[in-house]
Amino acid sequence: MREDVVDLLWEGLRQTLYMVAWSSVFALLLGTLLGITLVVTDKGGILAAPGVNKVISTAINGVRSIPFIILIVLLLPLSRLIVGTTLGPAAAIVSLSIGAAPFLGRIIENALREVGDGKIEAAKSVGAGPFTIILQVLIPEALPALVRGMTIAVISITEFTAVAGAIGAGGLGSLAIRFGYQRFRTDILLGTVLLIILIVQILQWSGDYIARSIDRRRFKNG
Amino acid sequence: MITVTNLNKSYRTRSGTVSALTDINLHIEKGEIFGIIGFSGAGKSTLIRCLNRLEEPDSGSIRIGETVITDLKERELRLARRKIGMIFQQFNLFDSKTVFGNVAFPLKAAGYKKPEIERRVGEILDLVELGGKAGSYPSELSGGQKQRVGIARALAGEPDVLLSDEATSALDPQTTHSILELLADINRRLGLTVVLITHEMDVLRHICGNAAVIEAGRIVENAPVRELFHNPQSDTAKRFAGIYDFYNNTGNSGQLEVPKPEQREAVLR
């Protein structure tokens, strides 16, 4: 083991966390918007618009069917437009956010669909409008499922950052390729793998913990 | 108070159009407890859900008080619904909110200020005898308590009408009784018009003045409940009256069960 290991891994970890955090925030915002739109515009939804629903749904399927590494390449011009470069963590955040948003959209859609129609009808029956229903009924009722879904999504984003590292994004994935693979630095390779495992464990543990505490507050006997 | 005129509703299914309600005409007086009884699939749930347009009727008109419900646009309908409370078989409470939060929901949606909300929720929870449960979540309540929260939520906006969609069907007989007592009490104290649908004759007998019998989407009988028992005209009413007498005579208070024809003949004779 050489003395640069700690510095390299520390820098990689910092970049990975930076990418995961910002990509998750942006993907979450976009995905939440997509997920809610999918649910409320569906046939029989509170803002039913089957045409809009179909278009969004098809677009999501389209983006999701492109392998992520190809999507990054496709989005390079957009990265250049937004952050001025196609290299480094900041550029990767653009691709990661857009790549993960449709996935998050589906996850959020699924969580929101679990909210029973009866609850939505009860809200309608007292005169609540669509936005009150979304903010006060759909989201709070689905919260534990939303947290669990988002945990899965953030972990996927962590995996994606490692892939993005292969084509110039920086972070632990890039370290593993540049040092571990191209320069036969087994110590760095193992270090990056351990760190990624650690990140994923912490994310899963936190997500479970939050979802469980919400459930426990609401369902004390269960 | 409520007038339904020539109401029709059908559903489109893969195998064609199914008529759910055919030419429904009803008049319900202010302050009465009106029952609608029928077997499963007769269309009673569709009918009551048309009254606040959770289901959109195909044709016909519904008037509640001075408002023609069937003429309202979305936004007007929302305002009108604040004056039409509804309670449900499955309670449909919000698991994410405490009892207080559930009852406060209609008031928040209507834009009430916080002190006003706290005062009103407190009053209504006392009315339904859940004063000490404001901070509990629905999962901590019994079925009867849940329905009391449902009733409180429905009453929060001080409605003129309360619609009850099989509100006691998921409850045991004793709890059913206490919920019916509560509804009767609210009806007396607040002068609220109550429309309830049920498949239990006991519910009608306990609190309804007049009732309509619905059969295959049509109202086949509309009379004071006493008459429905003593002189039933329609098949449905006869079967319900038969069931009722049957249990009354044998002292059996168990689940509803359609009596065998010969037993039914015996009671009817």
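Every chain is numbered from 1, with letters handed out A, B, ... down the list of sequences. Because the structure is a prediction, the values reported are computed rather than measured.
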Check: Is the NZ or CZ atom of R119(B) both under 6.0 Å from the centre of the six-membered ring of Y112(B) and within 45° of that ring's axis?
Finding: no

Checklist line | Structural part of A123(A) lying under 4.5 Å from a heavy atom of chain B | finding: both

Notebook entry, point to check: Is there a side-chain contact between L26(B) and F34(B) (heavy atoms, below 4.5 Å)?
Noted result: yes

Next item on the list: Examine the side chains of R106(A) and N61(A) and answer whether a donor and an acceptor come within less than 3.5 Å of each other.
Entry: yes

Next item on the list: Step by step, work out the side-chain contact (heavy atoms from CB on, under 4.5 Å) result for I117(B) and K108(B).
Entry: CA-CA 8 Å; I117(B) 293 177; K108(B) 278 189 187 159; 3.7 Å; yes

Check: Checking L93(B) against chain A: side chain, backbone, both or neither under 4.5 Å from a heavy atom?
Finding: backbone

Checklist line | side-chain contact (heavy atoms from CB on, under 4.5 Å), paired with I64(B), selected from I69(B), T193(B), D160(B) | finding: I69(B)

Note to self: Just so I understand: if I count every heavy-atom pair under 4.5 Å between each of Q90(B), K97(B), R153(B) and chain A, which residue has the most?
What the structure shows: K97(B)

Item checked: Proximal component of L79(B), with respect to chain A [non-hydrogen, under 4.5 Å] -> neither

Next item on the list: Count the heavy-atom pairs under 4.5 Å between each of Y137(B), F91(B), F88(B) and chain A, then report the option with the highest count.
Entry: Y137(B)

Next item on the list: Tell me, for F105(B) versus chain A, whether the close heavy atoms (under 4.5 Å) come from the side chain, the backbone, both or neither.
Entry: side chain

Notebook entry, point to check: Heavy-atom distance under 4.5 Å to chain A: side chain of N52(B), backbone, both or neither?
Noted result: side chain

Margin query: Would you say that L162(B) contacts N187(B) through its side chain, given a criterion of any heavy-atom pair below 4.5 Å between the two side chains?
Written below: no

Item checked: Contacting region of R75(B) [heavy-atom separation from chain A under 4.5 Å] -> neither

Margin query: Apply side-chain contact (heavy atoms from CB on, under 4.5 Å) to residues L54(B) and K124(A) and explain how you reach the verdict.
Written below: CA-CA 8 Å; L54(B) 284 180; K124(A) 277 187 183 173; 3.9 Å; yes

Notebook entry, point to check: What residue, out of A154(B), G101(B), S96(B), A110(B), has the most heavy-atom pairs lying under 4.5 Å from chain A?
Noted result: S96(B)

